[in-house]
Q: 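Below: one structure in structure tokens.
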Amino acid sequence: MAILKLAVQKSGRLSEETEDLIRASGIRVDRMGDRLKAQAANFPLEIYYLRDDDIPEYVENGVADLGVVGNNIIIEQQRELKVLQELGFAKCRLSIAVPKEFNYSGVASLNGKSIATTYKNSLNKFLNLNKITANVLSIKGSTELAPSIGLADAVCDLVSSGSTLLAHGLKEVEVLNKSQAVLIAANLKAEKKELADKLIFRLSSVLRARDSKYILMNVPNNAVQKVIKLLPGLRSPTVLPLAEEGWSSVHTVINEGDFWERIDQLRQAGAEGILVSSIEKIIV
Ligand code: PRT
Ligand code: ZN
């Protein structure tokens with residue numbers, strides 16, 4: 001029987017959330033100690049633990065069928081891989097930053113400057129696109145130190161909260177691209193594709209649930225129509241009579257993103273006793 005091989009980061013920023021997502025999808029993996037390979041107990045899945053930079057190559061040459069990496073690595077390595085699913089974590093952006101006293105007036109300010117980065121392909125592409133001639137210094141790590149030690153005028157690095165830049169007296173001036181963890185594949189044979197689809201079905205039901213909240217509230221009957229208009233719901237909200245005459249209980253699923261705004265509108269429309277809870281999975 002076919003077994004799906006998934007390459008994930010061994011240890012780093014992607015590891016914990018990848019593991020959580022697999023677990024939340026109902027797949028049990030007992031990783032023994034520091035082993036490089038583990039097998040799932042209840043799904044035909046084998047997991048390889050690798051350095052994130054190596055994952056695209058392993059997927060491209062078929063050693064692994066699927067991989068979880070930051071999209072930034074796929075862009076940087078310029079590989080022809082398919083993104084099967086965005087996973088919603090490890091969100092960051094690749095940006096150019098300069099010392100805060102640098103008089104930056106647009107991308108032309110980078111002409112003739114030196115820029116330190118571990119993302120030289122992405123940076124060169126951006127500079128070419130903007131017709132900027134700069135000296136790109138390829139370094140291995142701790143990019144943010146480059147300006148203060150006189151190595152470069154600017155840096156091009158990943159940013160998430162921005163606190164690393166701030167701590168090193170740098171300001172973000174250009175965003176080259178945005179990234180998050182993604183599930184990648186090359187060309188899958190039919191039976192692997194079928195397994196991959198099953199895995200994606202599970203992952204996406206968990207991801208959808210993470211973006212949503214289940215809410216229920218009490219609404220006077222004369223306000224029910226107004227409240228329903230404010231609520232999307234998977235199909236439409238559920239309305240049940242309360243034991244107390246003249247009142248209904250309205251249930252639905254709403255998006256985490258516009259949650260607070262929706263709650264305010266619902267209260268104004270007459271909803272009371274609003275209960276909110278997380279959802280484990282949404283199967284559509
Ligand atoms: O050992 P291995 O090669 O597997 O790991 P690694 O050290 O190369 O990668 P790792 O674990 O640091 O990052 C893995 C992936 O996480 C990256 O490829 C990105 O897709 C994603 N990611 C998300 C980030 C960040 N956010 C991030 N903030 N990767 C790195 N950073 C670094 C950034 O380089 C900078 O030094 O964090 C610092 C900035 O963070 P803020 O929050 O201060 O802005
Ligand atoms: Zn790496």
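In listed order, ligands and their atoms are each counted from 1. All residue numbers in this chain count up from 1 along the given sequence.
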Q: For atom 30 (C) of ligand 1, find the nearest protein heavy atom and state the residue, atom name and distance (0.1 Å precision).
A: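 Going by distance alone, atom 30 (C) of ligand 1 is nearest to Arg13 NE, 3.2 Å.
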Q: Compare every heavy atom of Val63 with every heavy atom of Tyr48, then report the nearest pair and how far apart it is.
A: CE1-O, 3.6 Å
Q: What distance do Glu76 atom CD and Leu123 atom CG have between them, rounded to the nearest 0.5 Å?
A: 8.5 Å
Q: Please find the N/O/S atom of Asp53 nearest to the Zn ion (ligand 2) and write down its name.
A: OD1
Q: Gln180 side chain to Asn71 main-chain N or O, any donor-acceptor pair under 3.5 Å?
A: no
Q: Do side-chain atoms of Arg262 reach the backbone of Leu230 as a donor and acceptor pair under 3.5 angstrom?
A: yes
Q: Would you mind checking which non-hydrogen protein atom is closest to atom 14 (C) of ligand 1, with the distance to 0.1 Å?
A: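 Ranked first by proximity to atom 14 (C) of ligand 1 is Asp52 OD2, 3.4 Å.
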Q: Considering non-hydrogen atoms of the protein only, which is the closest contact for atom 5 (O) of ligand 1, and what is the distance?
A: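 For this ligand atom, the closest protein heavy atom is Gln9 NE2, 2.9 Å.
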Q: Under 4.0 Å from a heavy atom of Val159: which atoms of ligand 1 are those, numbered in the order shown and with their elements?
A: 44 (O)
Q: Tell me which protein heavy atom sits closest to atom 28 (N) of ligand 1, plus the residue, atom name and distance to 0.1 Å.
A: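 In this structure, atom 28 (N) of ligand 1 has Ser160 OG, 2.9 Å as its nearest protein heavy atom.
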Q: Considering distance alone, does some N or O of Arg51 sit under 3.5 Å from an N or O of ligand 1?
A: yes
Q: With respect to the Zn ion (ligand 2), what is the nearest N, O or S atom of Asp52?
A: OD1
Q: Check each atom of ligand 1 against the heavy atoms of Ser161 and keep those under 4.0 Å away; list them by number with element.
A: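 That gives atoms 41 (P), 42 (O), 43 (O), 44 (O) of ligand 1.
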Q: Under 4.0 Å, heavy-atom basis, I'd like to know which part of Asn72 is in contact with ligand 1: side chain, backbone, both or neither.
A: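 Answer for Asn72: side chain.
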Q: Give the atoms of ligand 1, by number and element, whose distance to some non-hydrogen atom of Gly12 is under 4.0 Å.
A: 11 (O)
Q: For atom 15 (C) of ligand 1, state which one of Leu14, Thr143, Ile55, Leu165 supplies the nearest heavy atom.
A: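 Checking each option, the heavy atom nearest atom 15 (C) of ligand 1 is found in Leu14.
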Q: Backbone N or O of Thr133 within a donor-acceptor pair of the Asn111 side chain at under 3.5 Å?
A: yes
Q: When you measure from atom 43 (O) of ligand 1 to every protein heavy atom, which one gives the shortest distance, and what is it?
A: Thr164 OG1, 2.5 Å
Q: With a cut-off of 4.0 Å, which atoms of ligand 1 are near a heavy atom of Gly70?
A: 20 (O)
Q: Under 4.0 Å from atom 7 (O) of ligand 1, can you find at least one protein heavy atom?
A: no
Q: With a 4.0 Å heavy-atom cut-off (strictly under), which part of Asp157 contacts ligand 1: side chain, backbone, both or neither?
A: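 Looking at Asp157 and ligand 1, just side chain atoms fall under 4.0 Å.
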Q: Among Ile96, Asn130, Val98, find the residue that satisfies the side chain to side chain contact (heavy atoms under 4.5 Å, CB included) test when tested with Glu174.
A: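 Among Ile96, Asn130, Val98, the one that satisfies the side chain to side chain contact (heavy atoms under 4.5 Å, CB included) with Glu174 is Ile96.
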Q: Can you spot which of Val155, Val136, Asp157 makes a side chain to side chain contact (heavy atoms under 4.5 Å, CB included) with Thr117?
A: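 Answer to the side chain to side chain contact (heavy atoms under 4.5 Å, CB included) test with Thr117 among Val155, Val136, Asp157: Val136.
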Q: Using a 4.0 Å heavy-atom threshold (strictly under), name the region of Cys92 that reaches ligand 1: side chain, backbone, both or neither.
A: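 Side chain only.
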Q: Looking only at heavy atoms, which two atoms of Ile184 and Pro56 are closest? And how far apart?
A: CD1-CA, 4.2 Å
Q: Under 3.5 Å, is there a donor-acceptor pair linking the side chains of Ser105 and Ser109?
A: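 Per modelled atom types, Ser105 and Ser109 side chains form a pair under 3.5 Å.
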Q: When you group the ILVMFWY residues by side-chain heavy-atom contacts below 4.5 Å and let the links chain together, are Ile200 and Ile3 in the same group?
A: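 Shared cluster, no.
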Q: Are any of the N or O atoms of Gly162 closer than 3.5 Å to those of ligand 1?
A: yes
Q: I'd like to know if the side chain of Glu172 pairs up with that of Ser95 as donor and acceptor (distance under 3.5 Å, no hydrogens or angles considered).
A: yes
Q: Could you check if a side-chain atom of Leu87 sits within less than 4.5 angstrom of a side-chain atom of Leu207, using non-hydrogen atoms only?
A: yes
Q: Can you tell me which residue and heavy atom of the protein come closest to atom 33 (C) of ligand 1, and the distance to 0.1 Å?
A: Leu158 O, 3.2 Å
